[in-house]
Amino acid sequence: MTGMESLNVELGERAYPIHIGPGMLAAPERLRPALEGRRVAVVTNTTVGPLYGEALRATLDQCTISGEPLWIELPDGEQHKTLATVETILTRLLEARLDRGSRIVALGGGVVGDIAGFAAAIYQRGIDFVQVPTTLLAQVDSSVGGKTGVNHPLGKNMIGSFHQPRAVVIDTDTLKTLPERELQAGLAEVIKYGLIRDAGFFAWLEEHIDALRALEPEPLAYAIRRSCACKAEIVAADEREGGIRALLNLGHTFGHAIEAGMGYGAWLHGEAVGTGMAMAARMSERMGWLDRAGRERAEALIRRAGLALEPPAAVTPERFRELMAIDKKVASGRLRLVLLRGIGEAVLTDQFDETALDHTLHEHARVA
Ligand SMILES: NC(=O)c1ccc[n+]([C@@H]2O[C@H](COP(=O)([O-])OP(=O)(O)OC[C@H]3O[C@@H](n4cnc5c(N)ncnc54)[C@H](O)[C@@H]3O)[C@@H](O)[C@H]2O)c1
């Protein structure tokens with residue numbers, strides 16, 4: 001099979017494999033080790049279920065699972081990432097008398113993965129689950145690392161748990177049905193790994209970004225594998241986000257302000273992160289940390305991925321400040337930003353130049 005890649009997330013007893021490539025949904029040998037002999041509940045949604053449910057069912061038939069899989073199809077959308085949805089899942093699991101040895105398979109994007117993973121984390125004090133992510137963002141980010149959870153009216157992702165999957169099975173063919181905006185949003189997270197710690201990968205992306213947008217199988221599987229490897233290394237070093245894991249937030253402080261400022265959903269998370277990374281690059285150049293060539297390379301790649309370099313004028317500098325202050329409160333203290341000292345070298349700091357931040361927030365207001 002061309003474009004097949006595998007890697008392991010090294011977490012001692014909780015280590016797990018990630019299998020990546022085209023046709024993975026039809027490869028029972030990838031799912032069987034995690035599911036054989038078990039009762040299985042599949043959690044998906046009303047968009048992904050009709051597209052890929054049949055293929056998964058056929059593969060489960062070949063995995064010698066116990067009985068028929070329980071099928072749970074959630075409504076689509078971030079607004080359903082709630083405790084109420086988790087409760088619905090738990091009720092279905094209890095009604096079907098799934099025991100502690102049962103497994104959940106999450107088939108869908110990051111929303112499905114986060115909800116299903118959290119249900120797995122708390123059902124009968126925790127059962128194992130398998131991630132079958134179907135968006136690029138979920139394939140390179142949310143399905144790896146073990147963060148699961150749901151939103152609360154008072155904050156996004158405020159209720160949750162660390163619960164590592166047993167396996168992650170990534171079928172790159174599923175990206176063929178993904179809307180282009182969603183693909184571009186996922187590419188922002190791919191570029192992020194190059195920017196924060198892998199200059200070689202960044203250079204590779206400069207060569208292959210068009211192939212990725214065209215969904216060429218081999219470059220796609222390679223980019224996903226390398227992204228997962230980056231995330232896996234960071235997670236292995238810092239599973240619960242005490243230090244280095246925070247670097248994964250490059251572009252996120254600016255990005256969150258854009259998402260919240262425009263009203264959640266107007267900008268996709270990855271789109272906001274792409275613009276946030278361009279802002280971080282410009283601010284880093286202003287501080288003399290990143291040279292001009294580095295800033296230009298960062299911006300060029302972000303633009304070629306189909307992402308905007310400038311935030312929307314509707315989020316004024318003052319609004320940015322307000323929204324970034326909320327992030328600051330969460331970090332209980334000074335605003336901390338992830339900035340760049342070079343391509344492949346990110347730093348988390350509260351020692352930044354306020355004037356550089358101010359100029360970065362004002363530049364688009366001047367342009368607009
Ligand atoms: N757990 C983590 O570490 C982590 C990290 C990053 C983001 N997240 C979470 O992930 C979520 C965002 O995930 P997302 O970007 O995957 O969004 P999503 O799950 O909402 O998927 C985006 C849209 O694409 C649809 N879709 C999914 N796969 C498809 C396919 N193959 N073809 C056609 N349509 C498809 C979905 O139904 C949805 O409408 C957020 O809730 C975010 O908080 C979690």
Side-chain angles (χ1 to χ4, degrees), residues 3 5-11 17-18 20-21 133 136-147 168 170 172 183-213 216 218-239 241 243-253 255 270 273-285 289-291 293-307 337-349:
E5 306 263 356
S6 284
L7 73 149
N8 252 322
V9 182
E10 301 299 346
L11 283 171
I18 305 176
I20 306 154
L136 183 58
L137 181 128
Q139 294 177 351
V140 299
D141 188 357
S142 61
S143 67
V144 177
K147 280 191 187 174
V168 182
I170 297 175
T172 50
L183 187 78
Q184 291 165 185
L187 283 173
E189 303 287 354
V190 174
I191 293 170
K192 183 184 79 180
Y193 295 115
L195 279 175
I196 61 177
R197 60 183 265 128
D198 195 339
F201 184 39
F202 187 90
W204 182 93
L205 286 170
E206 291 177 312
E207 294 290 311
H208 294 90
I209 189 76
D210 298 332
L212 296 178
R213 292 189 70 182
E216 287 179 23
E218 282 185 40
L220 198 55
Y222 177 79
I224 295 170
R225 206 263 291 147
R226 193 119 173 205
S227 299
C228 289
C230 253
K231 180 145 188 197
E233 279 168 26
I234 290 176
V235 169
D238 181 16
E239 193 180 352
E241 203 165 77
I244 177 180
R245 194 162 175 167
L247 297 183
L248 292 169
N249 288 332
L250 175 68
H252 282 61
T253 304
V273 167
T275 304
M277 291 191 302
M279 294 175 78
R282 293 195 289 271
M283 180 168 163
S284 303
E285 185 192 11
W289 283 14
L290 183 66
D291 62 17
R295 189 263 300 157
E296 285 176 352
R297 286 178 69 196
E299 287 195 325
L301 188 57
I302 292 166
R303 187 189 314 107
R304 288 176 63 208
L307 298 157
L337 291 171
V338 182
L339 296 174
L340 295 170
R341 284 207 175 266
I343 299 288
E345 196 189 342
V347 187
L348 174 70
T349 183

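Among all heavy-atom pairs drawn from Ala278 and Ile302, the shortest one is N-CD1, 3.7 Å. Taking every heavy atom of both residues into account, Leu290 and Gly342 meet most closely at CD1-CA, 3.5 Å. Scanning both residues, Ala229 and Leu7, for their nearest heavy atoms gives CA-CD1, 3.5 Å. Looking at every heavy atom in both residues, Ala237 comes nearest to Ile244 through CB-CG2, 4.2 Å. Minimum interatomic distance between Ala298 and Leu195 (heavy atoms only, all atoms of both residues): CB-CD2, 4.0 Å. The shortest non-hydrogen separation linking Leu307 to Gly270 is CD2-O, 4.3 Å.
Side-chain contact between Cys228 and Ile170: present, with at least one pair of heavy atoms (C-beta onward) separated by less than 4.5 Å. Counting only heavy atoms from C-beta outward, the side chains of Ile196 and Leu248 approach each other to under 4.5 Å. Inter-residue side-chain proximity for Val347 and Leu339 is flagged as unmet; no heavy-atom pair is nearer than 4.5 Å. Counting only heavy atoms from C-beta outward, the side chains of Asp198 and Arg226 approach each other to under 4.5 Å. By the 4.5 Å heavy-atom criterion applied to side chains, Leu212 and Leu205 are counted as neighbours.
For the atom pair CE (Met279) and OG1 (Thr253), the distance works out to 10.5 Å, reported to the nearest 0.5 Å. The OG atom of Ser284 lies 10.5 Å from the CD atom of Glu345; values are rounded to the nearest 0.5 Å. A distance of 8.5 Å separates NZ of Lys147 from CG of Asp141, quoted to the nearest 0.5 Å. Note: Ile234 CD1 to Arg197 CZ = 4.5 Å, rounded to the nearest 0.5 Å. Between atom CG of residue Leu348 and atom CG of residue Leu250 there is a gap of 11.0 Å, rounded to the nearest 0.5 Å. The CD atom of Glu216 lies 12.0 Å from the OG1 atom of Thr172; values are rounded to the nearest 0.5 Å.
Qualifying side-chain hydrogen bond (donor to acceptor under 3.5 Å, both in side chains) partners for Asp210, counting only residues two or more places apart in sequence or in other chains: Arg304. Residues passing the side-chain hydrogen bond (donor to acceptor under 3.5 Å, both in side chains) test with Thr349: none are found, sequence neighbours excluded. Contacts of Arg295 classified as side-chain hydrogen bond (donor to acceptor under 3.5 Å, both in side chains), with partners at least two apart in sequence or in another chain: Glu285, Glu299. With sequence neighbours excluded, no residue forms a ring-ring contact (aromatic ring centres under 6.0 Å, His included) with Phe202. In terms of the side-chain contact (heavy atoms from CB on, under 4.5 Å) criterion, residue partners of Ser142 (sequence neighbours excluded) are, by chain and number, Asp114, Leu137, Ala138.
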Scan the side chains in residues 184-191 for donor-acceptor partners under 3.5 Å anywhere in the protein, sequence neighbours excluded, and list what turns up.
residue: Gln184; atom: OE1; partner: Arg213; partner atom: NH2; Å: 2.9
residue: Gln184; atom: NE2; partner: Gly306; partner atom: O; Å: 3.4
residue: Glu189; atom: OE1; partner: Lys192; partner atom: NZ; Å: 2.8

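Not a single donor-acceptor pair under 3.5 Å links the side chain of Glu5 to the backbone N or O of Ile20.
The aromatic rings of Phe201 and Tyr222 lie perpendicular to each other, with more than 60° between the two planes, well past the 30° mark.
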